[in-house]
Amino acid sequence: MTPAVGEDDLLIQIASYNTNLQGLRGLPQDLVDWLSPTLQVSTFLSRSPRAPDIIAVGFQELLPLHLGLAGLSKSVIDERNSHILSQIEANSANKERYALIAKVVNAGVALLVYGLDEGIAKTVCDVQTNWTGTGPMYMGNKGAVGVRFRAPAKDGGLGEVFTFVCAHLTAHEEKLADRIYDYNHIVGTLLFPPLPSSEHTSKSTIYDTSHLFVFGDLNFRVAIPAGHPLANFQKVLDASKAIEPEATRESLKEFDQLLTERRKGNTLVSLREGDFWKFKCSYKYLLGQTDSYSPNRVPSWTDRVLYTTYTDSPDTLDKSSIKNLLYTSIPSYTTSDHKPVVSVLTLPRAPSSPSSAIPVLRLPFDYKPLPDSWANYKRYSGRVVDRIVGVIWWILSLIGAGSVVVGIFNFFLGLGALNWWRGSAAPNNV
């Protein structure tokens with residue numbers, strides 16, 4: 001049963017897409033399939049059509065990796081911002097206008113957060129962004145970016161803090177431990193200034209917030225045991241048809257690594273999620289196909305949206321005050337081996353009561369996330385490596401007309417020719 005939406009509830013839309021390093025070609029011109037489900041949902045749940053109060057759009061593999069590492073993502077993220085803004089305003093329920101609250105990008109991971117121009121965007125304050133890398137030597141080929149802001153209470157109170165995190169974790173089924181490590185690293189290094197009401201002067205983690213949303217290509221896989229009847233089913237069956245029945249997907253969800261590890265309390269602690277098995281696995285598709293999976297990977301729900309709020313109890317992880325109106329993938333996008341996902345959530349507005357403290361998440365008693373004292377060193381050393389690797393890679397690609405291998409060959413060929421020229425030009429000694 002779809003939950004009811006109160007007139008005062010905040011409507012939040014979260015969209016995530018791994019664009020497969022496509023850069024400016026990674027999105028179609030018409031984004032209505034991906035960014036308009038809010039309108040459809042609100043139309044039949046409300047007395048009148050309603051646009052979202054907040055829209056968060058996350059990308060992974062935003063552009064070719066060497067360009068992202070070299071720090072050349074600004075033009076891509078600026079183009080995405082103008083494109084997305086024009087699309088959500090063109091398709092909003094009552095032609096509402098939106099304002100960009102913040103955008104942040106690190107290598108290929110990007111996040112843009114928008115608010116209703118005549119609503120929450122008018123009042124937000126303390127807007128902050130940050131980034132961290134979890135790749136080798138803390139490089140940004142994997143990692144996370146975050147946006148945080150405060151929405152003051154109407155009665156003058158401090159209000160509430162919203163934190164949005166877009167992440168891209170380590171790939172491959174057997175790398176489960178690395179994904180768990182990645183998330184722990186993000187918690188320790190994706191830091192923000194202390195909350196206005198905090199007595200502490202140290203940086204705050206993503207959990208020091210009133211509402212937390214974590215999404216992206218988290219890369220957790222469906223790990224089916226070798227002896228199970230469905231093991232490697234994608235190699236002998238049409239995977240798309242095999243997982244068409246919801247009952248089959250519901251049985252597959254029990255092998256989903258993220259669900260399994262969350263139940264154990266090993267990762268994404270205290271976060272909740274909608275019924276992800278109600279839509280088909282978002283990975284790995286054949287390029288150019290709307291509904292055909294690669295036989296080389298077990299179809300998996302790698303692209304996810306999770307959330308929690310300060311009224312959620314740490315003792316009931318299957319329940320949340322945040323309600324999921326819609327959680328699905330968009331099959332019509334075919335330029336990536338991932339399908340974009342979208343979630344539409346409702347968040348009850350805080351009761352009107354002046355307070356000197358910002359409400360924060362309640363966590364299990366045995367989970368105490370702490371800021372990493374080496375966070376800045378890890379972040380910036382990783383960025384230095386990013387720039388060195390990215391620029392060298394970019395130069396070799398230019399020399400090789402797009403191919404690094406050809407670029408290396410051309411480099412040494414040119415070096416040899418230079419040495420030969422120097423040798424032949426030298427005067428002969430008799």
ask   = Checking Ser336 side chain against His338 main chain: does a donor-acceptor pair fall under 3.5 Å?
value = yes

request  = Please work out whether the ring planes of Tyr17 and Trp34 are parallel, tilted or perpendicular, with thresholds of 30° and 60°.
outcome  = perpendicular

note = Test side chain to side chain donor-acceptor pair (under 3.5 Å), reference Thr170, set Asp182, Thr134, Asn219, Asp178, output is Asp182

ask   = Does NZ or CZ of Lys284 fall inside the cone over Tyr293's six-membered ring, less than 6.0 Å from its centre and within 45° of the axis?
value = no

query = Does Lys103 use its side chain to pair, donor to acceptor, with the backbone of Ile77 at less than 3.5 Å?
reply = no

key: side chain to side chain contact (heavy atoms under 4.5 Å, CB included) partner of Ile54, chosen from Tyr98, Phe164, Phe213, Tyr114   = Phe164

key: Proximity of Phe255 and His228 rings by center, below 6.0 Å   = yes

message = Please tell me whether Tyr327 and Phe276 form a close aromatic pair, meaning their ring centres lie under 6.0 Å apart.
response = no

Cation-pi, Phe220 ring and Arg179 (6.0 angstrom, 45 degrees) = yes

query = Strictly under 6.0 Å, is that where the ring centroids of Tyr310 and His211 end up?
reply = yes

query = Just by distance, do the side chain of Lys278 and the backbone of Thr328 share a donor-acceptor pair under 3.5 Å?
reply = no

message = Main chain of Val187, side chain of Thr205: is a donor-acceptor contact present, judged purely on distance under 3.5 Å?
response = no

message = Could you check whether any side-chain N or O of Ser300 sits under 3.5 Å from a backbone N or O of Val298, counting only pairs where one atom can act as donor and the other as acceptor?
response = yes

key: Parallel, tilted or perpendicular: rings of Phe149 and Phe162 (30°, 60°)   = parallel

ask   = Would you call Arg304 and Asp256 a salt bridge, using N to O less than 4.0 angstrom?
value = yes

message = I'd like to know whether the aromatic ring centres of Trp131 and Tyr380 sit less than 6.0 Å apart in this structure.
response = yes

request  = Taking Lys74 for its side chain and Gly71 for its backbone only, find out whether a donor-acceptor pair lies under 3.5 Å.
outcome  = no

Side-chain (Ser204) to main-chain (Phe192) donor-acceptor, under 3.5 angstrom = yes

